[in-house]
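Have a look at the structure below, then the notes.
Source: prediction; values computed, not measured. All values below come from the heavy atoms of this structure, side chains included, with hydrogens, waters and symmetry mates left out.
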Amino acid sequence: MAQPVALCIRQHRPTLRKPTVALPPTTNRQPPTADHRLVESLRPFPGQVHLDVAGGTGDVAFRVLRAVRAAEMEEKMAAAASGSGAAGAAGGPFRPRPSAPPSEGGQAAAPGEAGGAAAGPWPGSSSGGGGGGAARGAGSGGDGGLAAGRVVVCDINPDMLRVGQQKAAGAADLSGDPGLSFVEGNAEALPFDDASFDSYTVAFGIRNVTDRPAALREALRVLRPGGRFMCLEFSRVTQPGLRELYDLYSFAVIPRIGGLVANDAASYQYLVESIRQFPDQEAFAHLVEEAGFRAVTYESLMGGVVAIHSGFKL
Amino acid sequence: MTPPSLARRLLQSAGRHATAARAGCLARLDDAAPSTSGRTAYCSAASGASGAAEDSQEALRQALLAQAMQHVASRGWSTAALVVAARELGMSPSVVGLLPRGEAELVEHYMSQCNARALDSIAAKREQLQGLPLDARMADALQIRLELITPFIDSWPQALAIAARPSNVSHSLALLFSLCDGVWHAVGDDSTDATWYTKRAVIAGVYATTSLYMLTDYSPGFRDTWQALRRRVADGLALDASLQSVAHAAAGHGAGGAAQPAGGDAGAHQAQEHEAERSTTQSTDGGQEAAADGPEPSRDGSVRA
């Protein structure tokens, strides 16, 4: 079923065009949508290899890839800044303490003054700093030599994948990115090697998987030690007043809208019912833990309408 | 070929079982401010029996933080240091997600380590300190603690900025106050009245301002900072003494209006006298005056010379 129907339930995402230089997620001034929160919790890092399952249209995958690229650019800039500005023999990006001025000067002078006088050489002439900078440049060059991050989008439905590919081709920053790939596959039997991903996300997809424990075990298999599993899915509404309203809206309104807009009321009835039969936050967390994940946590968003479950392969 | 990771060895030695029924409970997350993150730890029914999994996760977190400390000099107090540490431990950097507040946890880890080390050193030096007057004892104790920052003094402004963020400030303030509490105990305070609060608040202020001063002190061996520390401790204890005397006066001994203590050395001496007088008063009156602490303390309280 096409995901856009979820507009009725999910918060509307603004269709802003992202700038070509993607900002790090924490500085993006976007409304806190569930996708945004999912990617923010993931804390993308440079060189991350990420798998997004059952998200063929690429919503989550594109966010993750942009965040990974932003993190890589930040790291490159930090390495360049600390390499070129001789930050002193002590190394690192911090301004070193100026060496102590001669004792007679130091006693009388205010700390700022003494600091100012001795800080003159800082901007780049100390040989110790140059040596340190070069060594550090080599070190961070080694880090930069780590493979660039990749995101793999896996979906059982080739049509969804095609839509995702078209969207990627249309986005300026993603169209030429070699790190984005689309693979057709079943969440219950992933076509990937063991321990090949740093992180795994599934957004609004695991509800539609027949054998959920199998999908969770597969997630564990393809993750590296320390890897993180995150699942964004509809869940049990916990706020009392909201629950009645949500039920009313779900059963009375959504199927009618589906009938009017897509001429398919039955599918939307199925959607609403499938949401209700999905286990609640604690029950799904138990499933995640049974599959072998540790440090299982969940975060309810929008009063419990959706929840993000997280677990680690430890 | 990577050597076996320290983290995996820790997990194995903690006896983690592969059976899914065992606990994956992460009780520590419960105190991670649910109001800010909204994240809930899942605790299985069997978790009450075994804390082995919890211990191994805690051990992993500590290993990650300890490893990341080695990279603070080159990468600052940042997630990048944690990411490098995770790689060195042989795990995917995604495991940094076990530390929900990232670099703030690194800063707090170092602060609590310094607190523990400082209190141990102060306890070890108890005999030397006992002969000294109160403000010298206090200044020595705080100096011991401030000296522990010196290895990271270059990056300490960044650490303080991280600790001051709204999501982290409650944790760093808690560490600051536990430090002040520990220092007062080590220095020999056993008050149980309202002065408990004023003393800790005053010393927290002294410590915080002196550590800020230290950030821009380039004198050899930070000697300007230690001199400033002594001045501030004297001022702080004088302020505390005058607050106490105001409270005491307001609580029923009437008659105010004498000039406030003249700060500096005079204040230091008066502070010591007030300490002695106050403690005897408290023991005889049983803290009744303190209980009657109502009005806002003003600076022109009566001074008992």
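Residue B:S78: no heavy atom, backbone or side chain, is found under 4.5 Å from chain A.
Under the 4.5 Å side-chain criterion, counting only non-hydrogen atoms from C-beta, A:F45 is not in contact with B:V96. The side-chain heavy atoms of B:M91 and A:K313, taken from C-beta on, include no pair separated by under 4.5 Å.
Put simply, CZ on A:R294 and CG on B:L60 are 13.0 Å apart, with the number rounded to the nearest 0.5 Å. Distance CD/A:Q48 to OG/B:S92: 7.0 Å, rounded to 0.5 Å. Atom CZ of residue A:R43 and atom OG1 of residue B:T79 lie 5.5 Å apart, to the nearest 0.5 angstrom.
More than 12 heavy-atom neighbours from other residues, nucleotides or ligands sit within 6.0 angstrom of CZ on B:R145. The number of heavy atoms from other shown groups lying within 6.0 Å of CZ (A:R221) is above 12.
Judged by distance alone, with hydrogens and angles left aside, the side-chain atoms of A:R224 form no donor-acceptor pair with the main-chain N or O of B:P93 at under 3.5 Å.
Across A:S199 and B:S94, no two heavy atoms sit closer than the pair CB-OG, 4.0 Å.
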